[in-house]
Amino acid sequence: MTDESDQRADPRLRLSLARLEVFVATARAGSTRAAAGLVARSQSAASASLAELEGAFGTPLFDRVGRRLVLNEHGRALLPKAVQLLDDAARLESTFTEALPAPLRMAASFTVGEYLLPDLVAGWRKQHPRQPVRLDIGNSTDVARAVAAFDVDIGFVEGGVEHAALRVRRWRRDELVIVAAPGDPLSRGTASVGQLAQAAWVLRERGSGTREAADRWLAARLAPMRIEFELGSSEAVKRIVAAGLGLGCLSRLAVADAVARKRLAEVKTTLPRAARELAIVVHRDRRLGPSAQAFVEHCLGSTTPARSAPARRSRASRLRPTPP
């Protein structure tokens, strides 16, 4: 005869970590075929695992839309809890084995990821030498999307981000500056609005945080702007500007080193300063693990200027999910 306590435990045992792993992979990839590759299983095994999980809950977790699986209301409620359980299990496993901890997964916009975070990561790794770090770099919208989808633990953005699933924490102040090739006539003295309006411009691509900020600062004052180049990275903008093909508008973080080495020249203008906020974003429904929380506090407490004008000091404080 089966013990009554065993019968009560069976439904809970069906919610295995392996099935939750398939569920999370499917939510991220949009199909069991793609999820199978993420979790090193066959498609049939992944499909069976997902079906067993839905059977354990007694309800579908996805809507079938064509060939894609899209989280429904029940799946969206389960996802943050499943991600948290898998993260906790990975940390527990690394505690009792020689395996490295799960990577600290971050995403950052180009300016933050290329010019600010490397020094911060290097300093933090000295205190956490065994902790792997994975940093993805993209536009601010891509970063927000990755955090909202639980693809990364922490996001760093330079543009205004509004997303119901995200909690945004102001971090540092940044400033846009106009740069020219050394010797450009506009780099001598103060450029007027009329001179700027007649100049050729080299800007970042649309959708980037830097471009959005540049448009807010310049477009209304200099319209119509003569934009000759729209480029996908700050380094490309700097090279084109240094070749004398136009003026650039970039973060001071991105140009500070080139200006100091006299490869670019800052253009002084009569325009108002273009200050903006850099921010850290996390998911509202996610509890950060110890490593992620430690890195956030390291960033919030850092006063390192990181190749730029000194940033305003931010007092470290914990980023916790907002209670429902």
Practice item. To the nearest 0.5 angstrom, please state how far the CG atom of Leu38 sits from the OG1 atom of Thr26. Key: 8.5 Å
**Study point:** Pairs touching residues 56-68 that satisfy salt bridge (Lys or Arg N to Asp or Glu O under 4.0 Å), sequence neighbours left out
**Key:** Glu54-Arg64
**Study point:** All salt bridge (charged side-chain N to carboxylate O under 4.0 Å, His left out) counterparts of Arg33, not counting sequence neighbours
**Key:** none
Revision key, fill the gap. All heavy atoms of Ser291 vs all of Gln131, minimum pair found to be OG-OE1, 2.8 Å
Point to revise | Validation row: Met106, Asp153 side chains within 4.5 angstrom (heavy atoms) | key: no
Exercise for review: For side chain to side chain contact (heavy atoms under 4.5 Å, CB included), just list the numbers for Leu288 and Val296, CA-CA rounded to whole Å, side-chain angles, deciding distance to a tenth of an Å, and then say yes or no.
Suggested key: CA-CA 9 Å; Leu288 292 181; Val296 168; 4.0 Å; yes
Review point. Can Ile227 be reached from Val193 by stepping across I, L, V, M, F, W or Y side chains whose heavy atoms are under 4.5 Å apart?
Key: yes
Exercise for review: Give the C-alpha distance, both sets of side-chain angles, the deciding distance and a yes or no for side chain to side chain contact (heavy atoms under 4.5 Å, CB included) between Leu78 and Leu61.
Suggested key: CA-CA 8 Å; Leu78 175 61; Leu61 301 171; 3.8 Å; yes
Practice item. Go through the structure and list residues passing side-chain hydrogen bond (donor to acceptor under 3.5 Å, both in side chains) with Asp142, not counting sequence neighbours. Key: Arg145
Check your understanding: Heavy-atom distance under 4.5 Å between the side chains of Ile154 and Ile280, does that happen here?
Key -> yes
Review point. Are the side chains of Leu116 and Trp171 in touch, meaning some heavy atoms are under 4.5 Å apart?
Key: yes
Revision key, fill the gap. Residue set satisfying ring-ring contact (aromatic ring centres under 6.0 Å, His included) with Phe110, at least two apart, ordered chain then number -> none
Review point. Excluding sequence neighbours, so at least two apart, what forms ring-ring contact (aromatic ring centres under 6.0 Å, His included) with His128?
Key: Trp124
Point to revise | Chi angles and distances behind the side chain to side chain contact (heavy atoms under 4.5 Å, CB included) call for Val177, Cys249 | key: CA-CA 6 Å; Val177 295; Cys249 179; over 6 Å; no
Practice item. Would you name the heavy atoms of Ala46 and Val22 that are closest together and state the gap between them? Key: O-CG1, 3.4 Å
Point to revise | Distance, nearest 0.5 Å, that separates CG of Leu250 from CD of Glu266 | key: 11.5 Å
Review point. Among the clusters formed by ILVMFWY side chains lying less than 4.5 Å apart, do Val202 and Leu218 turn up in the same one?
Key: no
Review point. Do Leu71 and Leu79 come within less than 4.5 Å of each other through their side chains, counting heavy atoms only?
Key: yes
Revision key, fill the gap. Here the pair of heavy atoms bringing Val241 nearest to Gly246 is CG1-O, 3.5 Å
Point to revise | More than 12 heavy atoms of other groups within 6.0 Å of Arg125 CZ | key: yes
Check your understanding: Is there any ring-ring contact (aromatic ring centres under 6.0 Å, His included) pair reaching into residues 44-89, and which pairs are they, with sequence neighbours excluded?
Key -> Phe23-Phe62
Check your understanding: Do we see a donor-acceptor contact under 3.5 Å between the side chains of Ser44 and Ser42?
Key -> yes
Review point. Just checking, any donor-acceptor pair under 3.5 angstrom between side chains of Ser47 and Thr32?
Key: yes
Check your understanding: Under a 4.0 Å N-O cut-off, is there an ion pair linking Arg172 with Asp174?
Key -> no
Check your understanding: What heavy-atom pair brings Leu247 and Ala199 nearest, and what distance separates the two atoms?
Key -> CD1-CB, 3.6 Å
Practice item. Please collect all ring-ring contact (aromatic ring centres under 6.0 Å, His included) contacts where either partner lies in residues 211-265, sequence neighbours excluded, each pair once. Key: none
Point to revise | Test item: Arg284 and Leu166 side chains (from C-beta on) under 4.5 Å apart, heavy atoms | key: no
Exercise for review: Tell me, please, which residues at least two apart from Ser187 pass side-chain hydrogen bond (donor to acceptor under 3.5 Å, both in side chains).
Suggested key: none
Review point. Is Glu175 salt-bridged to Arg276, cutoff N-O under 4.0 Å?
Key: no
Check your understanding: Does the pair Thr111 and Glu158 meet the rule for a side chain to side chain donor-acceptor pair (under 3.5 Å), with working shown?
Key -> CA-CA 7 Å; Thr111 298; Glu158 62 199 69; 3.2 Å; yes
**Study point:** Steps toward side chain to side chain contact (heavy atoms under 4.5 Å, CB included) verdict (Leu278, Leu253)
**Key:** CA-CA 11 Å; Leu278 305 180; Leu253 289 170; 4.0 Å; yes
Revision key, fill the gap. Note: Val112 and Pro118 closest approach over all heavy atoms is O-CD, 4.2 Å
Practice item. State, yes or no, whether a side-chain contact exists between Trp201 and Leu196 at a heavy-atom distance under 4.5 Å. Key: yes
Point to revise | Heavy-atom side-chain proximity of Val168 to Glu277 below 4.5 angstrom | key: no
Exercise for review: Scan residues 39-50 for pairs that pass salt bridge (Lys or Arg N to Asp or Glu O under 4.0 Å), counting only residues two or more places apart or in two chains.
Suggested key: Glu21-Arg41
Revision key, fill the gap. In this structure, CG of Leu135 is separated from CG of Leu104 (nearest 0.5 Å) by 9.5 Å
Point to revise | Spacing of Cys299 atom SG and Arg169 atom CZ [to the nearest 0.5 Å] | key: 11.5 Å
Check your understanding: Roughly how far apart are Leu264 CG and Ile178 CD1, rounded to 0.5 Å?
Key -> 13.0 Å
Review point. Can you tell me if Asn139 uses its side chain to pair, donor with acceptor, with the backbone of Thr141 under 3.5 Å?
Key: no
Check your understanding: If two hydrophobic side chains count as joined below 4.5 Å and joins carry through other members, does Val259 share a cluster with Val267?
Key -> no
Point to revise | Connected hydrophobic set around Val70, excluding itself, where side chains approach under 4.5 Å | key: Val65
Check your understanding: Which atoms form the tightest heavy-atom contact between Arg204 and Ser234, and what is the distance?
Key -> NH1-OG, 3.3 Å
Exercise for review: Only counting residues at least two apart or in another chain, list the ones meeting side chain to side chain contact (heavy atoms under 4.5 Å, CB included) with Arg28.
Suggested key: Val24, Val83, Arg105, Phe150, Asp151
Exercise for review: Look at Lys81 together with Asp285 and state whether they make a salt bridge at an N to O cut-off of under 4.0 Å.
Suggested key: no
Check your understanding: Is there a side-chain contact between Arg252 and Leu176, using heavy atoms and a 4.5 Å cut-off?
Key -> no
**Study point:** Pairs meeting criterion salt bridge (Lys or Arg N to Asp or Glu O under 4.0 Å) with involvement of residues 218-238, two or more places apart
**Key:** Arg206-Glu230, Arg211-Glu230, Arg226-Glu228, Glu235-Lys238
Exercise for review: Enter the distance from Leu203:CG to Thr210:OG1 here, rounded to the nearest 0.5 Å.
Suggested key: 10.0 Å
Review point. With hydrophobic residues grouped by side-chain heavy-atom distances under 4.5 Å, do Met225 and Leu231 end up in a single group?
Key: no
